[in-house]
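Working notes, beginning with the structure itself.
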Amino acid sequence: MTNKKPLNKKTVISRILLCFATFLLCIIITVFSACLMIVYGPSESLKNMLIISAEQASATKWAPYLFMPKSAVKEIMDNSNKVNIDTIPADTIDAEEKIGEFDGCPDNVKLIFIQKSKFKAYLMLVPDAKRVKVGVSSGDFKPAEKGKSIFQIAEKYNCIAAIDGGEVSDPGGQGAGAQPMGLTYSYGKCVWSDSLKRTFIGFDSNDKLICKESMTKEQADKLNIRDAVSFQNGNVLIEQSGKEIKLHYSDNNTGTSQRTAIAQRADGTVILLVTDGRSAESIGATKNDVIDILVEYGAVSAGMLDGGSSAMLYYKDYFDKYKTDKSKLDTYQQRGLVNRYKAFVNPRTIPTFFIVTEE
C-alpha cells in the first residue's frame, strides 16, 4: 500500500486558481453564446431592445460592438431616434389643479409612488413653479474639480427636493461630472454656454417650462430664461401648440433604463419624474413609457433629463412624511433618495440639478 504525499500550500492555491479560472471561463463562454443567440436569433425586437439599452448607458456603450458591426448598430440607433408625433386636443388632458389636491401634503408638494408592470416610478408635483430652480455644483465648473452628489447639492441650497439635471461632459469616462454641456442657467444667470446644440429645458421669468430642440444664448436671453439645462438631442417629450398637444413618441426606441423627466401642467404645476431600472423587479422605462405617465398626470410640456446612473430623486425626510418603513430602505434612501439607486458606484457627482426650494 502506497502512502499519498500531502499536497503543499503552493499546489492547493494553484488548483483553486485553476478551478476559479475554469469557472470564470465557462461563465464568459455562456454569456457570450447567449448574446450571440440573441443578436442572431429569431427575436428582432429583443435584439433591438438590448442594443438600444446598452447604447443608452455610458458604462455599456462598447458592448454591442462585440457582436455586431458598427454599421448595424448605427442603423438600429438611427431608427430608435426617429420621432413620430401624435397630436391630441389640449382639452382632453386633465391638466388643472383639483380643489384640495395639495391639502395636508408636507411642504406643499405631493409625492406619488407608481407601480407599472416593467418598472417603478416616483413622481413629485410642485404647484408653485417659482420654487423649481437649477442648482449647480460650482460657479466656474473647473474641469479638474468634481461635480456634487445629490446629497451635497441638497445641503448647499438647503432645498427640500432635487432631481438630476442636464448632460455631463465626461472625457475619458472618469465620471467626475465637473462640467455641463450646452446652455445652463441658474437663478437668472447664464452660468455655462458653449457651441453645442442640445435639447434645451428650463423656465422663463414667468415660470413657464420651455422645451426646445435647440437654443442659442441670444434666444434664451430674449425669452428671459431664469433656470435651464441642456440634454443631448431629441429629448422634447411633450409640447403645446395652440389648442393641440404634440407627443414626441419614438416607437422604435425600445431601450429600457432609469429615466428622469421634468414637465408642467396647464395650471403651472411642475412634475418631476424618476423611474427605476436595471434590476429584475424593475427593468426600466422606455421613452414612450415616460410620455404616457406624464400625460396621465396632466403634462402639456415636458423634456427628458439625464437618466441611467444619474437618475435620482431626493426628498428630504420623505420616509417620515410618508410613514415609510425605514427598515426596507437602503443606505442612500435613508439619506433621502426616493428611488433605489442601481449602479456599481456611489451616486454620481454631476454639475446640474433641478431643485425645489422651501416655500
Side-chain angles (χ1 to χ4, degrees), residues 83 85 87 90 93 95-97 124-137 139-141 157 159 162-169 179-248 260-273 290-291 294-295 298-306 350-357:
V83 174
I85 296 178
T87 302
I93 293 182
E96 300 299 329
E97 183 176 337
M124 177 176 282
L125 300 176
V126 186
D128 185 1
K130 286 185 173 62
R131 298 171 63 189
V132 182
K133 304 180 184 298
V134 169
V136 295
S137 60
D140 48 18
F141 301 112
Y157 287 93
C159 59
I163 59 172
D164 52 287
E167 191 171 356
V168 182
S169 176
Q179 295 178 323
M181 299 175 73
L183 281 173
T184 302
Y185 282 74
S186 178
Y187 283 77
K189 295 181 179 180
C190 180
V191 295
W192 184 264
S193 177
D194 53 37
S195 59
L196 298 173
K197 292 184 178 180
R198 293 292 190 267
T199 302
F200 181 86
I201 305 161
F203 294 91
D204 64 16
S205 59
N206 295 318
D207 307 313
K208 180 181 179 181
L209 182 65
I210 307 292
C211 300
K212 298 290 184 182
E213 279 309 330
S214 66
M215 181 82 70
T216 65
K217 183 179 182 301
E218 291 73 22
Q219 290 170 331
D221 289 340
K222 285 182 180 179
L223 289 172
N224 293 317
I225 297 297
R226 62 167 174 83
D227 292 273
V229 301
S230 303
F231 179 52
Q232 296 182 356
N233 297 295
N235 284 301
V236 172
L237 300 178
I238 303 170
E239 63 174 333
Q240 184 164 6
S241 178
K243 295 182 179 181
E244 294 182 332
I245 304 296
K246 295 181 178 179
L247 310 179
H248 291 236
T260 306
I262 186 168
Q264 190 171 42
R265 301 192 316 202
D267 65 355
T269 297
V270 176
I271 305 171
L272 307 179
L273 175 69
V290 172
I291 293 173
L294 294 175
V295 170
V300 296
S301 62
M304 188 84 81
L305 300 173
D306 196 3
I350 55 179
T352 62
F353 300 80
F354 275 105
I355 64 172
V356 181
T357 63

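Fair warning: this is a prediction, and the values are worked out from it, not measured in the lab.
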Can you list the residues that meet the salt bridge (Lys or Arg N to Asp or Glu O under 4.0 Å) rule with Lys130, with sequence neighbours excluded?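 Lys130 satisfies salt bridge (Lys or Arg N to Asp or Glu O under 4.0 Å) with Asp207 only.
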Is there a side-chain contact between [X] and [Y] (heavy atoms, below 4.5 Å)?
X: Val134; Y: Phe354; result: yes
X: Asp306; Y: Glu167; result: no
X: Ile271; Y: Leu125; result: yes
X: Cys159; Y: Val356; result: no
X: Gln240; Y: Ser301; result: no
X: Thr352; Y: Ile350; result: no
X: Gln179; Y: Asp194; result: no
X: Leu209; Y: Val270; result: no

In Å, rounded to the nearest 0.5 Å, how long is the span from [atom1] of [X] to [atom2] of [Y]?
X: Leu237; Y: Ile291; atom1: CG; atom2: CD1; value: 5.0 Å
X: Tyr157; Y: Thr357; atom1: OH; atom2: OG1; value: 12.0 Å
X: Ile355; Y: Arg131; atom1: CD1; atom2: CZ; value: 11.0 Å
X: Ile163; Y: Leu273; atom1: CD1; atom2: CG; value: 8.5 Å
X: Lys243; Y: Thr87; atom1: NZ; atom2: OG1; value: 15.5 Å
X: Met304; Y: Ile238; atom1: CE; atom2: CD1; value: 10.0 Å

Carefully, step by step, assess Phe203 and Ile225 under the rule side chain to side chain contact (heavy atoms under 4.5 Å, CB included). CA-CA 6 Å; Phe203 294 91; Ile225 297 297; over 6 Å; no
Measure across [X] and [Y] and return the closest heavy-atom pair with its distance rounded to 0.1 Å.
X: Asp164; Y: Phe353; answer: CA-CD2, 3.9 Å
X: Pro351; Y: Val168; answer: CD-CG2, 3.6 Å
X: Val300; Y: Ala266; answer: CG2-N, 3.7 Å
X: Asp227; Y: Gly188; answer: OD2-N, 4.4 Å
X: Lys246; Y: Ser241; answer: CE-CB, 4.1 Å
X: Ala263; Y: Ala302; answer: CB-CB, 3.5 Å

Could you go through the side chain to side chain donor-acceptor pair (under 3.5 Å) check for Tyr185 and Asp221 one step at a time? CA-CA 10 Å; Tyr185 282 74; Asp221 289 340; 2.7 Å; yes
Just by distance, do the side chain of Asn206 and the backbone of Lys208 share a donor-acceptor pair under 3.5 Å?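 Pair absent, no side-chain N/O of Asn206 close to backbone of Lys208.
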Between Tyr187 and Gly135, is there a donor-acceptor pair closer than 3.5 Å when you use the side chain of the first and the backbone of the second?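 Looks like no, no N/O pair under 3.5 Å.
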Please name all residues satisfying side-chain hydrogen bond (donor to acceptor under 3.5 Å, both in side chains) with Gln232, sequence neighbours left out, ordered by chain then number.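 Partners of Gln232 under the side-chain hydrogen bond (donor to acceptor under 3.5 Å, both in side chains) test: none.
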Which is it for Thr199 and Glu213 under the side chain to side chain donor-acceptor pair (under 3.5 Å) test, yes or no, and what are the steps along the way? CA-CA 4 Å; Thr199 302; Glu213 279 309 330; 2.8 Å; yes
Might you work through the side chain to side chain contact (heavy atoms under 4.5 Å, CB included) test for Met215 and Leu223, ending with a clear yes or no? CA-CA 10 Å; Met215 181 82 70; Leu223 289 172; 3.6 Å; yes
Just do the side chain to side chain contact (heavy atoms under 4.5 Å, CB included) check on Leu183 and Arg198 with the steps written out, would you? CA-CA 8 Å; Leu183 281 173; Arg198 293 292 190 267; over 6 Å; no
Indicate the ring-plane relationship of Phe141 and Trp192, choosing parallel, tilted or perpendicular according to the 30° and 60° boundaries.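 Geometry flag for Trp192 against Phe141: perpendicular rings.
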Give the intermediate values and the outcome of side chain to side chain contact (heavy atoms under 4.5 Å, CB included) for residues Val236 and Ile201. CA-CA 8 Å; Val236 172; Ile201 305 161; over 6 Å; no
